[in-house]
Participant: 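The structure's right below; bear with me while I get my questions together.
Heavy atoms only: backbone and side chains are in, while hydrogens, waters and symmetry mates are out. Here is how names work: the chains are called A, B, and so on, in the same order as the sequence lines, proteins then strands, and each is numbered from 1.
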Amino acid sequence: MAYDFRAIEPKWQEKWEETGAFHVEAASDKEKFYCLEMFPYPSGALHMGHLRNYSIGDLTARFLRMNGYNVMYPIGFDSFGMPAENAAIKMKTHPAEWTRKNIDHMIKQLKSMGCSYDWRRTVKTFEPEYYRWNQWFFLQMLKKGLAYRKHAPVNWCETCGTVLANEQVIGDGVCWRCDTPVVKRGLDQWFLRITDYAEELLEYLDKLTGWPERVLTMQRNWIGRSEGVRFDIEIAGTGLSLEAFTTRIDTIFGITFVAIAAEHPITSELASRSDEAKRVEILDFAARMAQRSAIERTAVGGAKMGLDTGFKAKNPVNGELVPIWIADYILMDYGTGAIMGVPAHDQRDFDFVRKYGLGVIPVVRREGEPIPNPDEMTEAAEADGIACNSGEFDGLPTPVAIERIGAWFEERGLGKRETQYRLRDWLISRQRYWGTPIPVIYCDKCGIVPVPEESLPVRLPLNAKVPENGGNALLGCPDWINTVCPECGGQARRETDTMDTFICSSWYFFRYLSLGSGEAPFRRDDADYWMPVDLYIGGIEHACLHLIYARFFTKMISDLGLIPPDMREPFTGLLTQGMVIKDGAKMSKSLGNVVDLDEIIKKYGADTARLFILFASPPDRSLDWSDKGVEGASRFLNRVFRLVEDSVGGLKTADRKRVPMSAIENAESRDLKRLIHSTVDRVTRDIKEERQLNTAVARMMELTNGLVSYKPKDAIGWALFREGIESLLLCLNPFCPHICEELWEMSGNGSILALTAWPKADEDALKVDKVSVVLQVNGKLREQFEMDPGLDRDELARRVMRMEETKRRIDGKEVVKVIAVPDKLVNIVIKG
RNA sequence: GCCGAGGUGGCGGAAUGGCAGACGCAGCGGACUCAAAAUCCGCCGUGGGCGACCACGUGGGGGUUCGAGUCCCCCCCUCGGCACCA
């Protein structure tokens with residue numbers, strides 16, 4: 001008979017709630033710990049990824065609470081975004097209604113999992129009391145010039161009907177949410193100047209020692225720093241010039257052409273100065289290139305396309321004239337949108353000149369080798385070497401040439417050394433209804449006017465109807481759009497774009513700390529006490545999205561003076577949990593391999609579900625869902641339940657005092673005492689130091705096996721048995737809180753187990769009576785001896801050499817060397 | 001191409017340079033049962049031997065070491081990220 005988790009689990013969930021067991025306040029006398037999970041999008045129901053995320057989080061929170069920490073452990077809902085609008089159309093409802101319903105259901109699910117959140121602190125980002133602060137932050141950034149509006153070619157997703165930030169274009173140039181290939185559109189949009197923080201975002205990665213290496217690497221790649229020189233190139237006979245950027249200024253004598261991006265503003269300027277035929281040719285080509293999708297444009301090794309503009313550029317170092325081409329491999333949004341073409345030392349330029357028959361001038365040779373013959377080159381020589389064909393710089397090794405030529409440019413005012421980043425400013429406008437309204441007003445007279453802070457929030461009109469065609473519902477709200485200009489009082493229009501939902505998730509972890517604060521997004525005291533987050537748990541997919549944005553916001557908030565100037569990072573510890581896989585693939589509706597959380601809880605209980613997911617794999621690795629494995633977890637919990645249930649009588653009357661090792665004579669009892677305390681020791685270390693939750697579970701299974709086979713015979717035996725059961729329940733509690741509370745109560749304890757102190761391993765009991773010493777001959781395992789612990793090297797070797805078995809193994813051969821490792825082994829090296 | 005993580009039984013996975021495969025799953029054998037389920041006990045890397053035992057074995061190849069899954073070098077494969085970034 002399985003234990004009755006259907007009665008036990010709700011019973012304890014209610015008890016925790018009634019007693020406010022997990023309510024937490026700032027308390028300076030206790031060490032704080034902020035345990036945070038990436039809050040869910042209320043899509044309708046929790047999935048197995050959530051189960052994993054929150055099982056790890058709840059375990060951590062409960063473990064640290066029992067260890068005396070003041071633990072902040074909140075949850076909320078990231079509740080603006082596209083899916084609510086799509087659902088509204090499909091289900092003929094309103095996004096708010098759909099969202100609320102989903103949140104209610106997910107709260108029930110989270111409670112049924114037994115998560116120990118402080119439920120008073122819940123944040124729902126679609127509520128005006130939250131998103132007004134998104135608007136407030138926007139206004140602060142606007143004041144500081146960190147928010148700005150510009151016309152730019154931006155990423156457009158046709159399916160979502162909105163623009164996207166660079167970070168939200170993933171893989172081969174598709175929308176992060178719906179996989180639609182993204183196209184470029186020229187639009188006026190709002191941006192946040194995250195690039196102002198590029199250097200710091202990169203630099204501080206070195207300080208995030210609690211982050212996994214792969215996330216740090218991903219962010220470094222994404223920010224993409226490179227040092228080089230920006231310089232002017234004159235366009236012969238026009239009085240015009242253009243700027244180029246290069247990291248290889250040492251190769252500047254090797255320029256055989258200059259290439260510009262199709263969208264480069266100079267393109268139309270050059271076109272207008274050309275004859276009619278050329279003008280049309282240039283504009284045509286530029287238009288065709290600009291229209292291609294991100295996928296077409298960025299195909300590596302794809303044939304490069306170019307067009308000679310007919311104009312010539314003057315090489316600043318030697319005055320030589322080279323043709324100016326428009327080339328499709330030049331990106332407008334990196335560097336200056338123009339490059340110096342050095343085919344001898346850049347593979348892309350090399351490919352380009354081979355196609356269009358332009359020249360190659362080698363300006364770097366390998367040390368000790370002559371200058372290569374350009375006609376014989378089959379690829380660009382990108383490696384460092386010695387400068388040649390470079391006038392006064394000939395003979396310099398590449399790093400020196402870069403330094404000298406860079407200095408040469410700066411001295412003459414022809415160029416400037418600077419650092420470029422791949423990171424772009426964050427495009428936050430969304431042509432969507434279900435988001436935070438951007439608090440600006442457009443006035444014909446006054447232009448762009450920010451909504452005054454005292455008028456916040458700019459409420460999202462809830463009477464809007466999401467149009468069937470998926471357009472922006474705000475466009476159908478003239479009463480809302482038409483307003484008065486805060487400056488001149490004349491007629492004006494509201495911005496109808498809303499903010500990227502990633503704004504909401506960039507600072508919600510501050511809001512949890514000061515829920516209900518009406519004067520500020522959060523209270524300084526609260527942030528001072530609780531921040532930074534000590535452990536943040538979530539999926540790796542946010543490595544270059546949310547995790548960069550939240551870092552940026554924290555730095556911005558620090559610069560606003562809302563938190564101390566030296567509080568620059570939000571998350572000191574990061575755990576990226578692995579995916580939950582079934583039958584070799586990620587769980588998805590289309591594959592039909594989804595396991596429903598409610599059904600699992602109904603069939604096995606939350607404790608079993610949690611135990612399985614923590615046991616099946618280490619937290620950061622992917623996890624194979626196995627129905628058999630779940631049954632195994634369930635079997636284990638039933639075993640634990642029976643173990644206690646069958647001995648309740650003895651447990652209740654057993655002496656509560658710990659029996660010291662010295663008082664135990666019986667060998668079996670001594671072994672059990674050791675097992676109990678080595679388990680406590682290992683479980684504690686596995687959770688705290690290694691985050692090896694799977695091995696912690698294994699240790700508890702071993703203890704259970706030990707307790708099952710132990711039969712207490714006397715008072716000491718019973719006291720010891722009780723000690724074993726209590727240690728097991730205490731250790732298992734963060735994993736499977738309900739069953740442990742129940743068994744804790746059954747075995748005669750009145751207190752709430754969740755608030756009971758974590759056990760401490762008895763040092764005496766960790767010592768062993770005998771150790772098993774291994775005999776190796778030439779490194780191969782031969783014999784095994786039981787010996788006294790603590791023998792030193794020489795004594796151990798002496799004793800082992802005296803053993804009959806050892807003599808037999810040596811068999812009269814010459815002993816070359818004897819290596820002894822105390823309490824472990826003796827290795828005898830013999831010859832012949 | 002660059003960067004990161006990984007490769008261990010039938011499976012999930014364990015192993016501060018020191019007994020490879022803990023713990024669990026599956027499988028096999030047994031007990032209980034009229035029977036089944038549940039539970040309990042035992043076996044469970046490969047090859048050889050009746051046997052105590054012996055040989056081999058952590059993606060492949062070298063190396064360091066008394067001793068290597070673990071450290072070093074080279075290579076292969078899988079997964080993830082970035083990539084026409086000047």
Side-chain angles (χ1 to χ4, degrees), chain A residues 1-2 170-172 212-222 224-226 228-229 244-249 251 259 261 297-302 304 327-331 333-342 345-349 351-352 382 420-424 540-541 543-544 576 578-579 581 611-612 615-618 620-633 635-636 638-639 642 682 692 694-702 704-705 708-709 772-784 816-821 823-830:
Chain A
M1 246 284 281
I170 57 164
D172 299 327
E213 195 52 45
R214 57 177 175 161
V215 177
L216 298 175
T217 305
M218 284 164 75
Q219 291 209 356
R220 281 190 194 105
N221 280 342
W222 187 260
R225 180 183 206 272
S226 54
V229 175
F245 176 77
T246 182
T247 53
R248 288 297 302 274
I249 195 70
T251 63
R297 291 181 64 111
T298 56
V300 180
K304 296 176 173 34
D328 67 338
Y329 71 99
I330 310 305
L331 308 171
D333 53 5
Y334 186 79
T336 60
I339 59 125
M340 59 178 211
V342 183
H345 306 291
D346 183 289
Q347 189 59 41
R348 297 155 300 177
D349 297 347
D351 294 342
F352 191 71
E382 296 186 336
Q420 282 284 334
Y421 300 91
R422 221 188 59 99
L423 182 74
R424 303 293 139 71
I540 184 87
E541 66 276 13
C544 291
T576 47
M579 274 196 303
I581 305 277
L611 184 72
F612 166 73
F615 177 57
S617 197
D620 55 353
R621 266 202 254 172
S622 66
L623 179 150
D624 248 311
W625 185 271
S626 145
D627 294 333
K628 291 289 183 189
V630 178
E631 278 175 33
R635 204 151 36 221
F636 168 69
N638 274 304
R639 204 165 137 85
R642 276 196 312 273
R682 275 299 303 267
Q692 285 260 68
N694 54 330
T695 53
V697 175
R699 300 283 92 87
M700 293 186 284
M701 287 172 166
E702 283 173 323
T704 304
N705 292 341
V708 165
S709 49
S772 150
V773 172
V774 161
L775 170 68
Q776 293 185 347
V777 177
N778 290 342
K780 289 190 191 227
L781 172 72
R782 289 305 181 219
E783 302 285 342
Q784 204 172 324
V816 180
K817 201 171 177 184
V818 177
I819 296 111
V821 181
D823 295 345
K824 284 238 170 77
L825 64 82
V826 173
N827 186 15
I828 300 170
V829 184
I830 59 173

Participant: Report yes or no: is there a donor-acceptor pair, N or O only, under 3.5 Å between the side chain of A/Arg424 and the base of B/C85?
Facilitator: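 Donor-acceptor pair under 3.5 Å: yes.
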
Participant: Taking the side chain as every heavy atom from C-beta outward, state whether A/Met218 and A/Ile540 have any atom pair closer than 4.5 Å.
Facilitator: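 They are in side-chain contact.
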
Participant: Are any non-hydrogen side-chain atoms of A/Lys824 and A/Val774 less than 4.5 angstrom apart?
Facilitator: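 A/Lys824 vs A/Val774: side chains apart.
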
Participant: Can you measure A/Arg682 atom CZ to B/C23 atom C1' for me and round it to whole angstrom units?
Facilitator: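 Those two atoms, CZ and C1', are 11 Å apart.
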
Participant: Which nucleotide, B/C40, B/G12, B/G18, lies nearest any side-chain atom of A/Arg642?
Facilitator: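 The answer is B/C40, which lies nearest to the side chain.
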
Participant: Nearest to the side chain of A/Arg635, which nucleotide is it out of B/A22, B/U39, B/C84?
Facilitator: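 When the side chain of A/Arg635 is considered, B/U39 is the closest of B/A22, B/U39, B/C84.
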
Participant: How would you label the contact of A/Glu702 with the nucleic acid (heavy atoms, under 4.0 Å): base, sugar-phosphate, or nothing?
Facilitator: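 The residue A/Glu702 makes sugar-phosphate contact but no base contact.
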
Participant: With heavy atoms under 4.0 Å as the rule, sort A/Asp349 into base, sugar-phosphate or nothing.
Facilitator: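 Nothing, no heavy atom under 4.0 Å.
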
Participant: Given B/A26, B/G18, B/G12, identify the nucleotide with an atom nearest to the side chain of A/Asp624.
Facilitator: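 Taking heavy atoms from C-beta onward, the closest nucleotide is B/G12.
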
Participant: My validator wants the stems of RNA chain B: runs of 3 or more consecutive Watson-Crick or G-U pairs, both distances under 3.5 Å, written as range with range.
Facilitator: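 RNA chain B stems, ordered by first number: B:1-7 with B:76-82, B:10-12 with B:23-25, B:27-31 with B:39-43, B:45-48 with B:53-56, B:59-63 with B:71-75.
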
Participant: Pick base, sugar-phosphate or nothing for A/Ser772, based on heavy-atom distances below 4.0 Å to the nucleic acid.
Facilitator: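 Base: the residue A/Ser772, judged by heavy atoms under 4.0 Å, touches a nucleobase.
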
Participant: Considering only atom C1', compute the distance from B/U70 to B/A14 and round it to an integer number of Å.
Facilitator: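 My reading of the C1' atoms in B/U70 and B/A14 gives 13 Å.
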
Participant: Select base, sugar-phosphate, or nothing to describe what A/Ser626 touches, counting heavy atoms under 4.0 Å on all strands.
Facilitator: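 Answer is nothing: A/Ser626 stays at 4.0 Å or more from every strand.
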
Participant: Using the rule given for side-chain contact (heavy atoms from CB on, under 4.5 Å), can you reason through A/Asp346 versus A/Arg248, listing the C-alpha separation, both sets of side-chain angles and the distance that settles it, and then say yes or no?
Facilitator: CA-CA 9 Å; A/Asp346 183 289; A/Arg248 288 297 302 274; over 6 Å; no

Participant: Calculate the interatomic distance between A/Asn705 atom CG and B/A22 atom C1'; express it in whole Å.
Facilitator: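 So the CG-C1' distance, A/Asn705 to B/A22, works out to 12 Å.
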
Participant: With a 4.5 Å limit on heavy-atom distance, are the side chains of A/Glu541 and A/Ile170 in contact?
Facilitator: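 Side-chain contact under 4.5 Å: no.
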
Participant: Tell me which nucleotide among B/C66, B/G4, B/G24 gets nearest to the side chain of A/Arg214.
Facilitator: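 Closest nucleotide among those given: B/G4.
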
Participant: Between A/Ile339 and A/Thr246, is there a side-chain heavy-atom distance shorter than 4.5 Å?
Facilitator: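 Side chain of A/Thr246 against side chain of A/Ile339, heavy atoms only: no contact under 4.5 Å found.
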
Participant: Please measure how far the P atom in B/A36 lies from the corresponding atom in B/C28, and state the result in whole Å.
Facilitator: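 That atom pair is separated by 14 Å.
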
Participant: Using a heavy-atom cut-off of under 4.0 Å over every strand shown, decide if A/Lys824 touches base, sugar-phosphate, or nothing.
Facilitator: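 Base, at least one base atom sits under 4.0 Å.
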
Participant: Could you check if a side-chain atom of A/Met340 sits within less than 4.5 angstrom of a side-chain atom of A/Asp349, using non-hydrogen atoms only?
Facilitator: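 A/Met340 vs A/Asp349: side chains apart.
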
Participant: Could you give the distance separating B/G61 and B/U8 at their P atoms, to the nearest angstrom?
Facilitator: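 About 16 Å, rounded to a whole number of Å.
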
Participant: At less than 4.0 Å, is any side-chain N or O atom of A/Arg422 found next to OP1 or OP2 of B/A83? Yes or no.
Facilitator: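 For A/Arg422, the contact criterion (side-chain N or O under 4.0 Å from OP1 or OP2 of B/A83) is met.
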
Participant: Could you give the distance separating B/G67 and B/G18 at their P atoms, to the nearest angstrom?
Facilitator: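 Those two atoms are separated by 15 Å.
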
Participant: Taking for each residue the nucleotide of RNA chain B bearing the nearest heavy atom, is the 5' side occupied by A/Glu631 or by A/Val829?
Facilitator: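 With A/Glu631 and A/Val829 compared, the 5'-side residue is A/Glu631.
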
Participant: Name the nucleic acid region contacted by A/Gly224, choosing base, sugar-phosphate or nothing; use a 4.0 angstrom heavy-atom cut-off, strictly under.
Facilitator: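 Nothing: the residue A/Gly224, judged by heavy atoms under 4.0 Å, touches no strand.
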
Participant: What are the two closest heavy atoms between A/Phe245 and A/Thr336, and how far apart are they?
Facilitator: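 Heavy-atom minimum between the residues: N-OG1, 3.7 Å.
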
Participant: As a quick check of understanding, evaluate salt bridge (charged side-chain N to carboxylate O under 4.0 Å, His left out) for A/Arg348 and A/Glu382, giving each step before the final call.
Facilitator: CA-CA 11 Å; A/Arg348 297 155 300 177; A/Glu382 296 186 336; 5.7 Å; no

Participant: Can you see whether A/Tyr329 has A/Lys304 sitting over its ring - NZ or CZ less than 6.0 Å from the centre and within 45° of the normal?
Facilitator: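 Positive - A/Lys304 is close enough to the ring of A/Tyr329 and near enough to its axis.
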
Participant: Show your working on side-chain hydrogen bond (donor to acceptor under 3.5 Å, both in side chains) between A/Arg422 and A/Asn221 and close with a plain yes or no.
Facilitator: CA-CA 8 Å; A/Arg422 221 188 59 99; A/Asn221 280 342; over 6 Å; no

Participant: Side-chain donor or acceptor of A/Lys304 under 3.5 Å from a matching atom on the base of B/C84?
Facilitator: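 Present.
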
Participant: Would you mind calling B/G61 syn or anti? Take O4'-C1'-N9-C4 for purines or O4'-C1'-N1-C2 for pyrimidines, and syn is within 90° of 0.
Facilitator: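 Here the answer is anti: the torsion falls beyond 90° from 0.
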
Participant: Looking only at side-chain atoms of A/Leu825, point me to the closest of B/G13, B/G18, B/G12.
Facilitator: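 It is B/G18.
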
Participant: With a 4.0 Å cut-off on heavy atoms, is A/Arg699 in touch with a base, just the backbone sugar-phosphate, or nothing at all?
Facilitator: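 Since a base atom lies under 4.0 Å of A/Arg699, the category is base.
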
Participant: From the options B/C40, B/G4, B/A86, select the nucleotide whose nearest atom is closest to the side chain of A/Phe245.
Facilitator: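 So the nucleotide nearest the side chain must be B/A86.
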
Participant: OP1 or OP2 of B/A14 sitting under 4.0 Å from any side-chain N/O of A/Asn694?
Facilitator: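 Yes, A/Asn694 has a side-chain N/O under 4.0 Å of OP1/OP2 on B/A14.
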
Participant: Provide the distance between the two P atoms, one in B/A22 and one in B/G9, to the nearest whole Å.
Facilitator: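 Nearest-Å result for B/A22 against B/G9 at atom P: 13 Å.
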
Participant: Would you say the base of B/G1 and the side-chain of A/Gln347 have a donor-acceptor pair closer than 3.5 Å?
Facilitator: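 Between B/G1 and A/Gln347, which were checked side chain against base, a qualifying N/O pair under 3.5 Å is absent.
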
Participant: Touch check for A/Pro618, heavy atoms < 4.0 angstrom, all strands: base, sugar-phosphate only, or nothing?
Facilitator: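 Answer is sugar-phosphate: A/Pro618 comes under 4.0 Å of backbone atoms only.
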
Participant: Here's a test of your reading of the structure: between A/Ser709 and A/Arg782, which maps to the more 5' nucleotide of RNA chain B?
Facilitator: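 Final value for this comparison: A/Ser709.
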
Participant: When we call it a touch if two heavy atoms are under 4.0 Å apart, what does A/Gln692 touch: a base, just sugar-phosphate, or nothing?
Facilitator: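 Counting heavy atoms under 4.0 Å across all strands, the contact made by A/Gln692 is with sugar-phosphate only.
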
Participant: Between B/A35 and B/G42, how many Å separate the two C1' atoms, rounded to a whole number?
Facilitator: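 Taking atom C1' in both B/A35 and B/G42, they lie 24 Å apart.
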
Participant: Which listed nucleotide (B/C25, B/A22, B/C19) is nearest to the side chain of A/Leu781?
Facilitator: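 Within the option list, the nearest is B/C19.
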
Participant: With the side chain of A/Asn827 defined as its heavy atoms from C-beta on, choose the nearest nucleotide among B/C25, B/G13, B/G18.
Facilitator: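 Looking only at side-chain atoms, A/Asn827 lies closest to B/G18.
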
Participant: Rounding to the closest angstrom, what is the interatomic distance between B/G21 and B/A5 at atom C1'?
Facilitator: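 After rounding to an integer number of Å, I get 23 Å for this pair.
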
Participant: Return the nearest nucleotide to the side chain of A/Ala616; candidates are B/C40, B/G12, B/A86.
Facilitator: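 Side chain of A/Ala616 sits closest to B/G12.
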
Participant: Give me the distance, rounded to whole Å, that separates B/A68 from B/G59 when you measure between the C1' atoms they each carry.
Facilitator: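 Those two atoms are separated by 16 Å.
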
Participant: Measure from the side chain of A/Trp222, starting at C-beta and using heavy atoms only, and say which of B/C82, B/A86, B/U39 lies closest.
Facilitator: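 Of B/C82, B/A86, B/U39, B/C82 is nearest to the side chain of A/Trp222.
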
